[in-house]
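Step one of this worksheet: look at the structure below.
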Amino acid sequence: MKKTLIFITLFICSSIYAQIKLPRLISDGMVLQRDIPLKIWGWASPNEKIEINFNQKKFKTTAAKDGNWIVTLPSQKAGGPYEMTLSASNTIVLKNILIGDVWLCSGQSNMELPMERVKGKYKEVIAKIDNNNIRQFLVPDQYEFAKENIDFSSGEWLSANPENILKFSAVAYFFADEIYQKYKIPIGLINSALGGSPAESWISADAVKKFPEYDTEYQKFKDGTLGAQIEASDKKINATWYSTINSEDEGLKNKWLNPELEDSDWKSMNIPGYWADNELGNVNGVVWFRKEFTVSNLKESNAKLILGRIVDADSVYVNGHFVGTTSYMYPPRIYPFDAKFLKEGKNEIAVRVINNSGRGGFVEDKPYELLLGNEVIDLKGSWKYKLGVKMLPLPPQTFIRWKPVGLYNAMIAPLKNYAIKGVLWYQGESSTKKPEEYSALMEALITNWRTEWKQGSFPFLYVQLTNFMAPKTEPGESNWAALRQQQKNTLAVPNTGMAVTIDLGEWNDIHPLNKYDVGRRLSLLARKMVYGEKDLVASGPLFKSLEQKGNQLVLSFTDIGTGLMAKDNKALKAFEIAGEDGKFVWADAVIEGDKILVSNAAVLNPKKVRYAWADNPDQADLYNKENLPASPFEGGL
């Protein structure tokens with residue numbers, strides 16, 4: 001009897017193990033790369049025989065002793081949809097497969113940022129999107145230090161339709177749409193990006209050895225013990241801080257959300273703005289805000305509250321009714337709600353703001369309004385405020401997921417067998433603390449990925465940092481400008497392209513909403529470098545060289561298209577010049593044919609030049625006549 005039970009148990013276990021299993025990528029709706037041999041892989045029991053039937057041809061293999069198997073299909077032309085049948089002790093039928101171009105889309109939050117975040121800006125565009133030939137696979141946000149993962153914990157191929165489009169990377173979608181409209185080839189997007197991530201987190205363990213500082217840091221986290229300790233400590237500190245504010249907040253205790261609250265003793269400040277600039281001063285904790293507004297003619301059934309951006313977290317109430325909350329500073333505050341919460345005449349809005357460090361308040365130069373149909377009620381101006389609880393700043397969190405190698409192991413390594421057309425990369429904001437190393441990091445990353453994919457030097461197209469933060473009136477140093485220079489230097493790596501976005505940013509938002517033009521500029525690079533439109537002007541002017549003629553520097557450029565121009569036909573203003581002392585001053589700059597002459601009467605022996613060298617060079621006005629902006633740069637003799 002015991003022997004029979006053992007046999008049955010072993011038979012059941014063996015049968016389950018014998019079932020062929022596929023990685024998440026190899027699934028219904030996938031887009032496979034055209035015109036290149038295709039790897040289909042998975043797992044089964046040792047020595048299991050596997051047969052694949054695809055496009056009227058059969059392919060066979062046998063699983064290795066460790067259960068791994070792989071089949072290489074011959075290259076396929078663009079088309080579909082197709083089915084693929086995989087047979088062993090079980091049968092899997094994959095449906096709705098397309099053959100086209102697959103682009104790996106990686107980096108940090110500006111690549112990750114979904115269409116959901118820009119739906120206000122592109123409302124009409126999004127409403128019309130329904131294209132089964134553009135699809136996205138969203139890689140889950142995970143990290144791993146101990147080993148390279150072989151699969152993802154979740155993920156599926158989704159078409160760009162009304163049900164799914166808000167989940168798509170905005171930059172990647174706009175890129176894909178431009179390419180699809182031009183060539184009518186199915187486009188697959190693998191969205192593997194994570195907000196805040198530095199470049200070194202996307203490099204493999206072997207490749208990171210070129211950077212001893214990062215390799216040492218990686219080794220500390222490799223076995224997971226230190227990371228677990230830090231995360232447990234951070235979690236405890238975080239929980240205690242928020243538990244304290246929630247238990248001690250006078251606003252929660254005394255229901256300051258009540259529209260009938262007596263608030264005549266509350267102070268006033270103008271919104272948008274920061275309370276550090278007002279009587280309250282630079283405190284952390286919870287501050288409550290209240291504002292009375294009037295509704296004259298209530299006919300609409302739906303309303304929408306737009307509160308710009310708030311640092312750091314907020315909960316919002318209209319006439320005592322909760323209408324929305326956001327837990328961190330970056331997303332725009334857009335809160336639709338039922339207009340039944342409103343009444344004709346006087347109404348009250350209350351906002352509970354939690355600020356855990358730095359300057360809390362309402363980000364300037366953003367919309368603050370209530371929308372009722374076509375009526376817009378302006379909410380800017382004087383608001384009442386009162387401190388709910390004062391706290392010491394919340395200690396900064398240690399983001400383990402951003403440590404070297406972790407994202408490569410979890411979010412890149414499982415992709416290596418999947419053939420791609422190329423890479424779209426949008427990252428750099430989190431690397432501005434040490435800009436001097438960025439070009440070397442990117443060369444290592446690009447080489448690393450190309451080596452692992454074994455597809456040769458596939459195209460690597462990336463986005464240069466946009467303009468951000470408050471403009472400055474005088475020349476000075478800038479880590480953002482220095483990193484842009486490093487990004488420009490990365491063009492020395494073969495088969496790379498850089499989309500310049502120095503004119504697409506927002507001074508008060510690290511996540512600017514204009515993602516269409518970013519995607520379009522990446523698509524121009526792809527059209528020229530990848531799809532063969534050799535005569536296409538795909539980039540703005542790129543600084544090439546300079547020579548000194550008397551007290552002038554004569555600058556030469558590539559990618560001038562049909563000619564250089566100053567935006568709006570105004571004088572060029574963003575140039576700086578320095579002599580041997582290295583002190584930069586504003587310079588006069590004049591376009592002469594395909595050259596630019598730069599000078600300053602006070603600099604008799606000029607040696608260096610800079611253009612748009614600032615966090616936010618708001619006067620960056622050099623373009624080519626195809627209306628593509630010049631890259632910021634620094635050059636010298």
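Here the structure is a predicted model, which is why all the values come from computation and not from measurement. For the single chain, residues carry numbers from 1 onward in sequence order.
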Spatial distance of atom CG (Leu189) from atom CH2 (Trp157) [nearest 0.5 Å]: 7.5 Å

Under the ring pair (Phe, Tyr, Trp, His ring centres under 6.0 Å) test, residues paired with Tyr218 that sit two or more places apart: none

Test ring pair (Phe, Tyr, Trp, His ring centres under 6.0 Å) applied to Tyr122 - qualifying residues, sequence neighbours left out: Phe174

Residue pairs, two or more places apart or on separate chains, that pass ring-ring contact (aromatic ring centres under 6.0 Å, His included) and touch residues 298-320: Tyr317-Phe322

Lys567 vs Asp503, salt bridge (Lys or Arg N to Asp or Glu O under 4.0 Å): CA-CA, chis, key distance, verdict: CA-CA 11 Å; Lys567 188 75 168 177; Asp503 57 342; 5.7 Å; no

Between Tyr385 and Trp288, ring centroids under 6.0 Å: no

N/O donor-acceptor pair under 3.5 Å between Gln464 side chain and Arg484 backbone: yes

Side-chain H-bond candidate by donor/acceptor type, Glu437 with Tyr214, under 3.5 Å: yes

Residues Asn110 and Lys515: side-chain donor-acceptor under 3.5 angstrom: yes

Pair Lys472-Asp618, salt bridge (Lys or Arg N to Asp or Glu O under 4.0 Å): steps then yes or no: CA-CA 9 Å; Lys472 294 182 179 179; Asp618 61 340; over 6 Å; no

Under 3.5 Å donor-acceptor, Glu506 side chain and Leu513 backbone: yes

Phe289 and Phe362 aromatic ring geometry - parallel, tilted or perpendicular at 30°/60° bounds: perpendicular

Salt bridge (Lys or Arg N to Asp or Glu O under 4.0 Å) assessment of Glu279 paired with Lys267: CA-CA 8 Å; Glu279 186 177 340; Lys267 304 290 185 180; 3.4 Å; yes

Check: Thr398 main-chain N/O paired with Trp402 side-chain donor or acceptor under 3.5 Å: no

Exercise: do Asn133 and Tyr180 side chains pair donor with acceptor under 3.5 Å: yes

Member of Val118, Ile187, Asn191, Ile165 meeting the side chain to side chain contact (heavy atoms under 4.5 Å, CB included) criterion with Tyr173: Ile165

Point-to-point distance, once rounded to the nearest 0.5 Å, from CD of Glu156 to CE of Met30: 14.5 Å

